[in-house]
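Residue numbers begin at 1 in each chain, while the letters A, B, ... track the order of the sequences. Side chains are part of it too, since the values below use all heavy atoms of this structure and drop only hydrogens, waters and symmetry mates.
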Protein chains: 2
Amino acid sequence: MNAQPPIPRADIERRGLRDLVYEHILEILLTGEISPGERVSIDGLARQLNVSPTPVREALVDLERTGLVVREALRGYRVSPPLERGQLQELFIARETVETAATRLATPADDELLRALAAAHAEHEKAGDRVRETAEQGGEATDSPEEAHRLQVSAAQEYFARDRDFHDRILEHCGNRYLVKMSQDLGAQVHRLRQALPHGITDVNEALAEHRAIIEAFASPDPTAPEAAMRHHVRMVAHRALVEDPQTPTQENHEDP
Amino acid sequence: MNAQPPIPRADIERRGLRDLVYEHILEILLTGEISPGERVSIDGLARQLNVSPTPVREALVDLERTGLVVREALRGYRVSPPLERGQLQELFIARETVETAATRLATPADDELLRALAAAHAEHEKAGDRVRETAEQGGEATDSPEEAHRLQVSAAQEYFARDRDFHDRILEHCGNRYLVKMSQDLGAQVHRLRQALPHGITDVNEALAEHRAIIEAFASPDPTAPEAAMRHHVRMVAHRALVEDPQTPTQENHEDP
DNA sequence: ATTTCATAGATCCTATAGGATTTTAGGTTC
DNA sequence: GAACCTAAAATCCTATAGGATCTATGAAAT
């Protein structure tokens, strides 16, 4: 007989069908395969994924809490409508609150954080280069125009992922699991926002420069510098996202800049 | 025929069986009917509530995201283990972050907020009186000892609910739905913490005084006063909750007091 | 006495079925 | 032509059934 000891299989990470379905639906939502406001049929998804409705229902309950879908009893789920300007402002303020708190808690930075930030930033810069390349050759085209657009979208996704990695490195080192969870919850909304922006990424240089400033602030002896740099960064991102169509302002953040 | 316009019935609020089951399980968890670490059987709950397992499963998925239960694939749900000291510290820091941000956004307070806070505080004081009464006559007893204890628990629950109402009034007026949601998520953890504390409520006077200070700060012309009062309150709550058994400290909040 | 193994029970997980409700399509009337 | 009513299809919601997995109890062996 094969002498297999009671293997303490902790890292195999057994996952039920529900988790797989969740990721599949998430993929559908994030790629924008279904438009905001459109129905997300439970039975339809079950047929499409060749599973029963039960795991689909569980996955949707989970997704509802992320805010990506909304539920109306007896009427099913719908893709959440796009973020309004007011929600956008609130979202950035909430993000500023969480990110600055995490940055403060991660200060002073240990060597591990500094190395991780440098590595993440390098990847972010690479992704930024690709974004610029695809944006330039988008007009002339090496392949078909739809292929060029596909490359552009792919580069943008990679860029956003690396951007988020940078922030996640800080979150990981803040030592507060609740702030991490909050940031993840907000992250889903942020993604929704980015997907909704019509024009491509136009602030690669600015964002990278602000990230670099954050790294330098962590390296400096001033314990208030990192938080200030992060606050400035989040506010600039908000500013760049809110430049167009001046609408009804709803609230401001009363704090010293 | 009755000339009913396309009634925008928004407040009828239709709810499915899943929501009722959710509330029932929540009640079971908050009253401590099941001990931390114990199993939460899906089929068992379904039998107990006379419903099928499907809505129970959905409710548990929802509860899992609140942190009240934890899931292990193919092994079911369990009541979350009690908060460790490190988690407690992190929880209070997260709470301080969210509550102070909301307080800052609610400043300057309008008349509606001031009235709402005064009303909420009055109810909170009443509940505090009942807590003191039941604590005093707990020994002598008017009825059986277990009846006295029941009254004590009931008074404590009312007290906590009114305490939370006070904070919610501020949250409502901060104008940021994401901060509100974060506070609600943390609220479930806070409740878990309170239920775990062995001795009764011993800081009624202190808490009420700190709340009164917050009200006065909102009434003062100093725009930084409310946030400072709230920060002080949350920190004092944390201090009073963390006095006993000095364990390994994990992190501090680097900010000017 | 401790460990190992095996069997029985309970539980989780997924699939399928049917009742209730909503949505959609088509026809009718003003 | 627009509004209203009716009927059918689709969908949501809940319940039930069966296979897979885990847990627990008890017997056997070292």
Side-chain angles (χ1 to χ4, degrees), chain A residues 1-25 28 34-35 37-65 68-80, chain B residues 1-10 12-25 28-29 34-35 37-65 68-80:
Chain A
M1 54 192 73
N2 47 4
Q4 285 194 353
I7 302 174
R9 49 178 181 180
D11 48 347
I12 311 182
E13 187 183 357
R14 310 193 43 182
R15 308 187 319 161
L17 188 51
R18 167 193 136 190
D19 301 295
L20 298 175
V21 173
Y22 176 89
E23 291 176 5
H24 199 104
I25 300 179
I28 292 177
I34 311 180
S35 305
E38 234 176 316
R39 297 191 56 164
V40 182
S41 166
I42 296 176
D43 291 339
L45 278 174
R47 282 191 297 270
Q48 180 181 337
L49 303 180
N50 268 322
V51 297
S52 77
T54 307
V56 175
R57 299 182 72 82
E58 296 189 17
L60 283 174
V61 172
D62 211 352
L63 282 169
E64 184 189 4
R65 272 195 86 86
L68 289 178
V69 299
V70 291
R71 180 181 90 108
E72 203 168 349
L74 305 182
R75 300 219 292 182
Y77 292 87
R78 292 178 178 278
V79 179
S80 299
Chain B
M1 53 194 71
N2 47 3
Q4 284 194 354
I7 301 174
R9 48 175 184 179
I12 309 182
E13 186 182 357
R14 310 191 41 180
R15 309 188 319 161
L17 186 52
R18 167 193 136 190
D19 302 296
L20 298 176
V21 173
Y22 176 89
E23 292 176 6
H24 199 102
I25 301 179
I28 291 177
L29 292 177
I34 312 180
S35 305
E38 235 175 313
R39 298 190 57 164
V40 182
S41 166
I42 296 175
D43 292 338
L45 279 174
R47 282 191 297 268
Q48 180 180 339
L49 303 180
N50 268 321
V51 296
S52 77
T54 308
V56 176
R57 297 183 74 82
E58 298 189 15
L60 283 174
V61 171
D62 211 352
L63 281 168
E64 184 189 4
R65 272 196 85 85
L68 289 178
V69 299
V70 290
R71 182 181 87 109
E72 202 168 349
L74 304 183
R75 299 221 289 182
Y77 293 87
R78 291 177 179 278
V79 179
S80 300

Partner residues of B:E23 under the side-chain contact (heavy atoms from CB on, under 4.5 Å) criterion, sequence neighbours left out
B:R15
For A:L49, which residues count as a side-chain contact (heavy atoms from CB on, under 4.5 Å) partner, sequence neighbours excluded?
A:V21, A:H24, A:V51
To 10°, what angle do the rotation axes through the five end pairs on each side of the helix from C:dA1-D:dT30 to C:dC30-D:dG1 form?
20°
[X] [atom1] to [N] [atom2], straight-line distance once rounded to whole Å:
X	N	atom1	atom2	result
B:L17	D:dA15	CG	C1'	11 Å
B:Q48	C:dT11	CD	C1'	16 Å
B:L45	C:dT11	CG	P	11 Å
B:E64	C:dC12	CD	P	14 Å
A:R78	C:dT22	CZ	C1'	11 Å

Salt bridge present between A:R57 and A:D62 (N-O < 4.0 angstrom)
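Looking at A:D62 together with A:R57, the answer is no, because their closest N to O distance does not fall below 4.0 Å.
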Got a sec, which pairs hit salt bridge (charged side-chain N to carboxylate O under 4.0 Å, His left out) with one end in residues 38-49 of chain A, sequence neighbours left out?
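Checked against salt bridge (charged side-chain N to carboxylate O under 4.0 Å, His left out) - neighbours excluded - no pair reaches residues 38-49 of chain A.
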Taking only nitrogen or oxygen atoms into account, show me every contact under 3.5 Å that the protein makes with nucleotides 10-12 of chain D, one pair per line with its distance.
| unit_1 | atom_1 | unit_2 | atom_2 | d |
| --- | --- | --- | --- | --- |
| D:dT11 | OP2 | A:R47 | NH2 | 3.3 |
| D:dT11 | O3' | A:R39 | NH2 | 3.4 |
| D:dC12 | OP1 | A:I42 | N | 3.0 |
| D:dC12 | OP2 | A:I42 | N | 3.2 |
| D:dC12 | OP2 | A:D43 | N | 3.2 |

So, for A:R71 and B:D19, which heavy atoms are closest and what is the spacing to 0.1 Å?
NH2-OD2, 2.8 Å
Output all residues satisfying side chain to side chain donor-acceptor pair (under 3.5 Å) with A:Y77, sequence neighbours left out; order by chain, then residue number.
B:R18
If we ignore hydrogens and angles and just use 3.5 Å, is the side chain of B:R78 paired with the main-chain N or O of B:V70 as donor and acceptor?
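A pair under 3.5 Å: no.
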C:dT14 phosphate, OP1 or OP2: any side-chain N/O from A:S52 under 4.0 angstrom?
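For A:S52, the contact criterion (side-chain N or O under 4.0 Å from OP1 or OP2 of C:dT14) is not met.
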Please tell me if the side chains of A:Q48 and A:I28 come closer than 4.5 Å, counting only heavy atoms from C-beta onward.
yes
